[in-house]
Amino acid sequence: MAASGMKPLVVAIALSWFLSMQQHSSSANGKPQVPCFFIFGDSLADNGNNNVLDTLAKVNYQPYGIDFPGGAATGRFSNGRTTVDVLSELLGFDNYIPPFAFVNGSDILKGVNYACGAAGIRKETGKQLGARISMGRQLKNHKIIISRIADILGNKRLAHKHLHKCLYSVGLGSNDYINNYFVPQYYHTSKKYTTAKYAEVLINQYSWEILRLYKYGARKVALVGVGLIGCTPSAISSFGTNGSACVDTLNIAAQQFNQRLVSLVDKLNNNLTDAKFIYINSFEMGSGDPAAAGFTVSNVGCCAVNEVGQCKVDHTPCKNRTEYVFWDGFHPTETLNRITAIRSYNAFNPADTYPMDISHLVQLQVNK
């Protein structure tokens, strides 16, 4: 039954990948579909920013990167490419978007990745792991880059004209739960707020930060929802499931956040008519039977993990990595990242994105 149920989704995803790559390869004159791609986020998107920080949330060691081109441990929290790496391919970029920590020269014109492992919307989130770059700080780093772009292009007006055409991916919130609210030994947020009130507080702060991004020139913005944080191997081993497949309390909290994020998308689109914001439904994409996408293991990671849920240094991981949903205690394998990217770019079903997918967002003419 699992084998026969697997085929439709696997075939659909493969077809979607083929069509997406056809669209990317047919971009005018071989240029990317957008001139630049800016990324704000956490460890799901971090591609090396944490390498220079004093933090436990750092993965610039083997076996991380074992399936990345060249087999290098770049600081990505996966065995290979992240979702934003695959998205950059689908968008037609020749190279992956560089991390803020190492970008230089005119490369910034094509975009910058500000994402940081353990980062959250709240400034204190992730502090028990060490240094991190919260959303507020990522915006400050973006302002530095904007100033450099203005210097390269000649003035602020030309810089903003350039930035209006870019795609922005913003995905934070997970750590505000798994490295804040649900670790009461380090934080008091769970004593101060119910999960519903906490989601409201997070979205209120997030909305101001997204408005700042708009003020800095963003006009095409994909807001990535919180995924199934209650289904990670680390959550299952830490909290137990009480007979469920996952930790329901964590997933309910994630959904409370996501519901308010969808409302925020509507509010932003109604109020800022010269821009477009979309919601990427990571929670929905992660739901359903993993076997339908070809996975055989979903409750444990591919590598043995240390005390913070990351792979042990130089540990030999599983060989059948394409069959695993999770790489370590928290982070997806490249295989799942690829599926998530494809469905974000070309929605497999209507619930994947709202009100449109990325392939349609990048085609919009905004700021007229």
Side-chain angles (χ1 to χ4, degrees), residues 40-44 46 50 53-58 77 115-140 170-212 223-264 267 279 282-283 286 305-310 328-331:
F40 300 80
D42 51 30
S43 56
L44 294 175
D46 188 352
N50 275 26
L53 299 182
D54 182 11
T55 176
L56 294 174
K58 187 186 304 189
F77 288 71
C116 166
I121 296 166
R122 293 175 68 92
K123 185 177 180 180
E124 82 274 10
T125 289
K127 67 180 180 181
Q128 83 278 12
L129 295 170
R132 66 262 168 239
I133 308 168
S134 66
M135 178 60 180
R137 179 66 184 276
Q138 290 180 36
L139 283 167
K140 288 180 181 178
V170 186
L172 291 106
S174 297
N175 284 311
D176 293 292
Y177 290 98
I178 61 177
N179 279 310
N180 190 322
Y181 192 88
F182 287 108
V183 279
Q185 63 270 39
Y186 298 111
Y187 304 91
H188 299 294
T189 43
S190 61
K191 298 180 181 70
K192 189 174 181 180
Y193 305 112
T194 63
T195 53
K197 183 63 179 177
Y198 187 59
E200 185 181 320
V201 169
L202 286 176
I203 291 295
N204 284 342
Q205 181 176 339
Y206 209 20
S207 65
W208 284 109
E209 292 170 334
I210 293 162
L211 284 171
R212 275 176 64 195
L223 298 175
V224 185
V226 172
L228 287 151
I229 54 175
C231 296
T232 66
S234 182
I236 291 170
S237 63
S238 298
F239 295 93
T241 62
N242 197 29
S244 297
C246 301
V247 185
D248 293 337
T249 51
L250 271 69
N251 285 340
I252 290 169
Q255 279 293 64
Q256 290 172 329
F257 176 87
N258 290 336
Q259 288 160 5
R260 287 161 177 79
L261 186 58
V262 172
S263 296
L264 177 60
K267 182 179 177 181
Y279 168 67
S282 303
F283 196 98
V305 298
N306 59 22
E307 68 280 1
V308 293
Q310 295 166 189
D328 57 17
F330 293 102
H331 305 99

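Between His331 and Phe77, the ring planes lie tilted relative to each other; the angle falls in the 30° to 60° range. Below 30°, between 30° and 60°, or above 60°: for Phe239 and Phe182 the angle between ring planes is above 60°, a perpendicular geometry.
Between Phe40 and Leu139, some side-chain heavy-atom pair lies under the 4.5 Å cut-off.
Note that SG of Cys231 and CZ of Phe283 are 7.0 Å apart. Values are rounded to the nearest 0.5 Å. Expressed to the nearest 0.5 Å, how far CG of Leu250 lies from OG of Ser238 amounts to 9.5 Å. Rounding to the nearest 0.5 Å places CD1 of Ile229 at 10.0 Å from CD of Gln255. Note: Arg132 CZ to Lys123 NZ = 8.5 Å, rounded to the nearest 0.5 Å. In this structure, CD1 in Ile133 is found 12.0 Å from NZ in Lys140, a value given to the nearest 0.5 Å. Within the model, atoms CG of Asn258 and CG of Leu264 stand 12.0 Å from one another, a figure rounded to the nearest 0.5 Å.
When atom types are taken as modelled, the side chain of Ser237 and the backbone of Ser234 share a donor-acceptor pair closer than 3.5 angstrom. A donor-acceptor pair is defined here as one N or O able to donate and one able to accept, closer than 3.5 Å; such a pair exists between the side chain of Thr232 and the backbone of Ala235. Between the side chain of Glu124 and the main chain of Tyr187, no donor-acceptor pair closer than 3.5 Å is present. Gln310 places no side-chain N or O within 3.5 Å of a backbone atom of Asp328 that could act as its donor or acceptor partner. At least one donor-acceptor pair closer than 3.5 Å links the side chain of Thr55 to the backbone N or O of Leu129. Judged purely by atom type and a 3.5 angstrom limit, Asn306 uses its side chain to pair as donor or acceptor with the backbone of Gly309. Checked by atom type and distance alone, the side chain of Asn50 pairs as donor or acceptor with a backbone atom of Gly117 at under 3.5 Å. Of the possible polar contacts, one joining the Asn175 side chain to the Ala119 backbone as a donor-acceptor pair under 3.5 Å is found.
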Inset, instruction - Before giving the answer on side chain to side chain contact (heavy atoms under 4.5 Å, CB included), spell out for Leu53 and Cys116 the whole-Å C-alpha distance, their side-chain angles and the decisive distance to 0.1 Å. - result: CA-CA 10 Å; Leu53 299 182; Cys116 166; 4.0 Å; yes
Inset, instruction - For Val201 and Arg122, run side chain to side chain contact (heavy atoms under 4.5 Å, CB included): C-alpha distance rounded to whole Å, both residues' side-chain angles, the deciding distance at 0.1 Å, then the answer. - result: CA-CA 10 Å; Val201 169; Arg122 293 175 68 92; 3.7 Å; yes
Inset, instruction - Would you sort out whether Tyr181 and Tyr193 count as a ring-ring contact (aromatic ring centres under 6.0 Å, His included), showing the intermediate values? - result: CA-CA 9 Å; Tyr181 192 88; Tyr193 305 112; 7.8 Å; no
Inset, instruction - Please assess Glu209 against Arg212 for the test salt bridge (charged side-chain N to carboxylate O under 4.0 Å, His left out), listing each intermediate value before the final yes or no. - result: CA-CA 5 Å; Glu209 292 170 334; Arg212 275 176 64 195; 5.6 Å; no
Legend entry - Residues Leu261, Tyr206; criterion side chain to side chain contact (heavy atoms under 4.5 Å, CB included); working and verdict: CA-CA 9 Å; Leu261 186 58; Tyr206 209 20; 4.0 Å; yes
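The shortest non-hydrogen separation linking Leu172 to Phe257 is O-CZ, 3.9 Å. Between Val224 and Ser282 the shortest heavy-atom distance is CG1-OG, 3.3 Å. Residues Gln256 and Arg260 come closest through the heavy atom pair O-NH1, 2.9 Å. When every heavy atom of Cys246 is checked against every heavy atom of Gly230, the shortest pair comes out as CB-O, 3.2 Å.
A side chain to side chain donor-acceptor pair (under 3.5 Å) with Thr125 is found for one member of Thr189, Asp42, Asp176, Asn179 and no other, namely Asp176.
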